[in-house]
Amino acid sequence: MKIYAQYVWLNGRVVRWEDAKIHVMIHALHYGTSIFEGLRGYWNGENLLIFRLDEHLERMFKSAKILGVKVPYTRQEVRNAIIEAVRANHFREDVYIRPILFVSTPTVTLDIRDLDTSLAIIAFPFGKYLPPGGIRATVVSWRRVHNTMLPVMAKIGGIYVNSVLALAEARNRGYDEALLADINGYIVEGSGENVFVVRNGALYTPPIHQSILEGITRDTVITLSRDLGIKVEEKPITREEVYTADELFLVGTAAEVTPVVEVDGRAIGDGKPGPITTKIATLYADVVRGRIEKYSRWVTLVY
Ligand SMILES: CCC[C@H](NCc1c(COP(=O)(O)O)cnc(C)c1O)C(=O)O
């Protein structure tokens, strides 16, 4: 088995990678009853900075509340555990951090109200999630699960089958990423990202009631853009607005700020990353590495 890290934080202990095992009967493996987070840690040459740790922590506890499962640790204990999962490995490079809370009782019942949960936190070296320099995307036939069917504001493992199917369809068509429409046909997300349209110098992104994950990178980009004096409006985005956008980009912890230069065979703008996208991506890269004092509240030092 490929080893991504020496140590994993599991249920209160730092264990060796090869000892971080679970049983085949655990509930979450059968029914997707887990909630997870995705954070990045950036090495800036002197220290490793975890980006917006407290916001991810807050969303994790909200996701657990929505699914109706207990987090068997306090916020402070989970916060310390996330830092420890990186520190224990002595990483001095960019990392991805994956906390996952899962229903661990070995049983087949669908009533999870009194079942046990376990918490694992895995940190590992991680670089680019999508090809840099601009990607090609396609609007796939799978719709984003509507929030009356599954609570997409919670990062629930089982919901990600929607994203998995969407990305497979896009990749099978030769594209880098999927764009998903909601039940009404509005473009709402990428398979693992929030979406922004640039039109006449302003940014547009779907509102959180439109079956999207309330992305932390989305919030960061909205804040940075407004601080740059760029107008940002949350509104439903039609397929035609995507096709005719001046610029288009996807944002997420893994994707960071990724320009989209083509959708369904149509060049976005002049088919290259646009000036506003590039400006925001450049500022984002400086902010996550703690280079901009104004946003230092967003980074947590590991060492
Ligand atoms: C496989 C999932 C990866 C995960 N996706 C994050 C993600 C986002 C962006 O949220 P945030 O900015 O808070 O990260 C939006 N929408 C979906 C469906 C996501 O999975 C990530 O780490 O980016």
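A quick note: this is a predicted structure, and the numbers were derived from the prediction, not measured. First listed ligand is number 1; within each ligand, the first listed atom is number 1.
Ring geometry, Y284 versus F51: the interplanar angle exceeds 60°, so the pair is classed perpendicular (tilted spans 30 to 60°).
Listed by chain and number, residues touching ligand 1 at under 4.0 Å (heavy atoms only) are G38, R59, Y96, R144, K155, Y160, E189, S191, G192, E193, N194, L213, G215, I216, T217, V251, G252, T253, A254.
Using a 4.5 Å heavy-atom threshold, the side chains of Y175 and V260 count as separate.
In this structure, F91 has its ring center no closer than 6.0 Å to that of F126.
Applying the salt bridge (Lys or Arg N to Asp or Glu O under 4.0 Å) rule to R13 yields no partners; only residues at least two apart in sequence or on another chain are considered. Residues that satisfy the side chain to side chain donor-acceptor pair (under 3.5 Å) test with E55, not counting sequence neighbours, are R52.
Through direct or indirect side-chain contacts shorter than 4.5 Å among Ile, Leu, Val, Met, Phe, Trp and Tyr, M25 is connected to Y31, V108, L110.
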